[in-house]
Peer 1: 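Mind looking over this structure? Questions follow.
Whatever order the structure lists ligands and atoms in, that order sets their numbers, starting from 1.
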Amino acid sequence: MNDYALITGATAGFGEACAKIFAKNQWNLIITGRRDERLQSLKNSLSEEHGIHVITLCFDVRNQEEVSVSLDSLPPEVKNKIGLLINNAGLAVGKGPIDKGITDDWERMIDTNVKGLLYVSKAVIPMLKENGKGHIINIGSIAGKEVYPGGNVYCASKHAVDALSKAMRIDLVEYGIKVTNIAPGAAETEFSIVRFKGDTSAADSVYKGYDPLIAIDIAETAYFAATRPAHVNLNDIVIMPTAQASATVLHKN
Ligand code: NDP
Ligand code: 8X3
């Protein structure tokens, strides 16, 4: 049986694109998210098109009980074939000066991007250790390398992901578990619609005047990282649109 890739946040954007590329290459999948209808429809299309086994787990990464019960419910023959965890579920909510920040937005970002990633990792790492190998790909951000105006708490949460990627690499090296941090710049997904709370014109304006990254760019990068030879690990990958030079410098027409 082929290995399973466990992908969080597979109902949209990078996670969905990762599911498609790994499925195309005959990996079995465990796909997660909160929107079960989207998970079921992705499962049906990928298993039909590629003949792979797809398991859906519907949970909110912020709820540790849900995370651990869901992941523990996997059958032993699946647990011991998990070769890859992509910690992708995440979001930004709001953008503005720190003193105008909304506490609930801050909590959603910290609880999802930092604590959610930790809860999923805590549940999956014992399975990888048991298997004596494995790979964790954390989706960080350029916001985890630099800060930008109005990005404060989102940037802090992604700096935490950056730090956790480094820390996991140290803590897991003796078990042969690879850890890769992928730090994308501007990519057009549902990200900005979520950030601007459904304001599609604010979201669209983020991507006007240049060619942003698209989800498949990140999925191809994750797939490349996941398919290096056993002795090679890509530690940290920063990927931006050609029109972007840093978190704050975008060349727009
Ligand atoms: P999307 O909004 O398109 O997708 C986000 C995914 O995360 C969805 O599948 C969503 O699923 C899932 N998710 C969000 N909150 C939760 C939660 N509480 N529990 C479970 N799943 C959750 O955004 P992207 O694909 O762009 O974002 C993916 C990752 O990439 C995020 O970590 C983001 O911070 C990061 N990133 C994005 C960049 C961009 O410019 N787009 C650039 C750099 C990094 P559901 O709603 O069904 O739960
Ligand atoms: C998403 C990219 O620049 O909006 O992480 O922070 S950015």
Peer 1: Find out whether the Lys NZ or Arg CZ of Lys81 is both under 6.0 angstrom from the six-membered ring centre of Tyr4 and within 45° of the ring's axis.
Peer 2: no

Peer 1: Are Met127 and Asn80 packed together at the side-chain level, in the sense that at least one heavy-atom pair is separated by less than 4.5 angstrom?
Peer 2: no

Peer 1: What protein heavy atom is closest to atom 12 (C) of ligand 1, reported as residue, atom name and distance in Å?
Peer 2: Gly9 CA, 3.6 Å

Peer 1: May I ask you to list the atoms of ligand 1 that are less than 4.0 angstrom from any heavy atom of Phe59?
Peer 2: 19 (N), 20 (C)

Peer 1: So which protein heavy atom does atom 21 (N) of ligand 1 come closest to, and at what separation?
Peer 2: Ala89 CB, 3.6 Å

Peer 1: Under 4.0 Å, heavy atoms only, figure out whether ligand 1 is touched by the backbone of Asp60, its side chain, both or neither.
Peer 2: both

Peer 1: With heavy atoms only and a cut-off of under 4.0 Å, state how Arg38 meets ligand 1: side chain, backbone, both or neither.
Peer 2: neither

Peer 1: Do Ser192 and Tyr207 have side-chain N/O donor and acceptor atoms under 3.5 Å apart?
Peer 2: yes

Peer 1: If we count only N and O atoms by modelled type, under 3.5 Å, do the side chains of Thr180 and Asp236 hold a donor and an acceptor together?
Peer 2: no

Peer 1: Using a 4.0 Å cut-off to any heavy atom of Ala12, which atoms of ligand 1 qualify?
Peer 2: 3 (O), 4 (O), 9 (O)

Peer 1: May I ask whether Ala183 has any heavy atom positioned less than 4.0 angstrom from an atom of ligand 1?
Peer 2: no

Peer 1: Check whether any side-chain heavy atom of Asp105 lies under 4.5 Å from a side-chain heavy atom of Val153, and answer yes or no.
Peer 2: no

Peer 1: Atoms of ligand 1 less than 4.0 Å from Gly13 heavy atoms?
Peer 2: 3 (O), 25 (O)

Peer 1: Within 45 degrees of the axis of the six-membered ring of Tyr154 and under 6.0 Å from its centre: does Arg195 put its NZ or CZ there?
Peer 2: yes

Peer 1: Taking atom types as modelled and ignoring hydrogens, do the side chains of Ser201 and Asp199 form a donor-acceptor contact shorter than 3.5 angstrom?
Peer 2: yes

Peer 1: Of all the non-hydrogen atoms in the protein, which one sits nearest to atom 25 (O) of ligand 1, and at what distance?
Peer 2: Phe14 N, 2.8 Å

Peer 1: If we ignore hydrogens and angles and just use 3.5 Å, is the side chain of Gln244 paired with the main-chain N or O of Leu250 as donor and acceptor?
Peer 2: no

Peer 1: Please report whether ligand 1 has a polar contact with Ala187, defined as an N or O pair separated by less than 3.5 Å (distance criterion only).
Peer 2: yes

Peer 1: We want to know whether Gln40 and Thr56 form a side-chain donor-acceptor pair, criterion being a heavy-atom distance below 3.5 angstrom.
Peer 2: yes

Peer 1: Give the residue, atom name and distance (to 0.1 Å) of the protein heavy atom nearest atom 43 (C) of ligand 1.
Peer 2: Pro184 O, 3.2 Å

Peer 1: Could you check whether atom NZ of Lys100 has more than 12 heavy atoms from other residues, nucleotides or ligands sitting under 6.0 Å from it?
Peer 2: no

Peer 1: Hey, which of Asn181, Ile137, Ile139 is the one that makes side chain to side chain contact (heavy atoms under 4.5 Å, CB included) with Ser165?
Peer 2: Asn181

Peer 1: Take a 6.0 Å sphere around NZ of Lys24 and say whether it holds more than 12 heavy atoms from other residues, nucleotides or ligands.
Peer 2: no

Peer 1: What protein heavy atom is closest to atom 48 (O) of ligand 1, reported as residue, atom name and distance in Å?
Peer 2: Arg34 NE, 2.6 Å

Peer 1: State whether the shortest distance between N or O atoms of Ile142 and N or O atoms of ligand 1 falls below 3.5 angstrom.
Peer 2: no

Peer 1: Contact between Glu16 and ligand 1, counting heavy atoms under 4.0 Å?
Peer 2: no

Peer 1: Tell me the contacting part of Tyr154 for ligand 1: side chain, backbone, both, or neither, using a 4.0 Å heavy-atom threshold, strictly below.
Peer 2: side chain

Peer 1: Any nitrogen or oxygen of Val194, side chain or backbone, less than 3.5 Å from one on ligand 1?
Peer 2: no

Peer 1: In the structure I gave you, are the side-chain heavy atoms of Glu49 and Asn44 within less than 4.5 Å of one another anywhere?
Peer 2: no

Peer 1: Which of the numbered atoms in ligand 1 are under 4.0 angstrom from any heavy atom belonging to Arg62?
Peer 2: 18 (N)

Peer 1: Does Thr227 use its side chain to pair, donor to acceptor, with the backbone of Phe224 at less than 3.5 Å?
Peer 2: yes

Peer 1: Could you check atom 5 (C) of ligand 1 against the protein and tell me its nearest heavy-atom contact, residue, atom and distance included?
Peer 2: Gly90 O, 3.8 Å

Peer 1: Under a 4.0 angstrom heavy-atom cut-off, which atoms of ligand 1 come close to Thr11?
Peer 2: 8 (C), 9 (O), 10 (C), 11 (O), 45 (P), 47 (O)

Peer 1: I need the atoms of ligand 1 closer than 4.0 Å to a non-hydrogen atom of Gly185, numbered in the order shown.
Peer 2: 40 (O), 42 (C)

Peer 1: So which protein heavy atom does atom 19 (N) of ligand 1 come closest to, and at what separation?
Peer 2: Val61 N, 3.0 Å

Peer 1: What part of Ala10, side chain, backbone, both or neither, has a heavy atom within less than 4.0 angstrom of ligand 1?
Peer 2: backbone

Peer 1: Among Thr32, Ile139, Asn88, Asn87, which one puts a heavy atom closest to atom 32 (O) of ligand 1?
Peer 2: Asn88

Peer 1: Check ligand 2 for close polar pairs with the protein: N or O on both sides, less than 3.5 Å.
Peer 2:
unit_1	atom_1	unit_2	atom_2	d
ligand 2	4 (O)	Tyr148	OH	3.4
ligand 2	4 (O)	Arg195	NH1	3.4
ligand 2	5 (O)	Ser141	OG	2.5
ligand 2	5 (O)	Tyr154	OH	2.6
ligand 2	6 (O)	Tyr148	OH	2.6

Peer 1: Ligand 1 and Ser141, any nitrogen or oxygen pair closer than 3.5 angstrom?
Peer 2: no

Peer 1: Does Lys145 NZ have over 12 foreign heavy atoms under 6.0 Å away?
Peer 2: yes

Peer 1: What is the closest protein heavy atom to atom 26 (O) of ligand 1, and at what distance does it sit?
Peer 2: Thr189 OG1, 2.6 Å

Peer 1: Could you tell me whether Tyr210 atom OH has more than 12 heavy atoms of other residues or ligands within 6.0 Å of it?
Peer 2: yes

Peer 1: Answer with yes or no whether the side chains of His53 and Ser47 bring together a donor and an acceptor at under 3.5 Å.
Peer 2: no

Peer 1: Below 4.0 angstrom from a heavy atom of Gly140, which ligand 1 atoms are there? Numbered from 1 as shown, please.
Peer 2: 43 (C), 44 (C)

Peer 1: Could you check if a side-chain atom of Leu91 sits within less than 4.5 angstrom of a side-chain atom of Phe191, using non-hydrogen atoms only?
Peer 2: no

Peer 1: Hey, quick one: are Trp27 and Ile31 part of the same hydrophobic cluster, counting side-chain heavy atoms closer than 4.5 Å, chains of contacts allowed?
Peer 2: yes

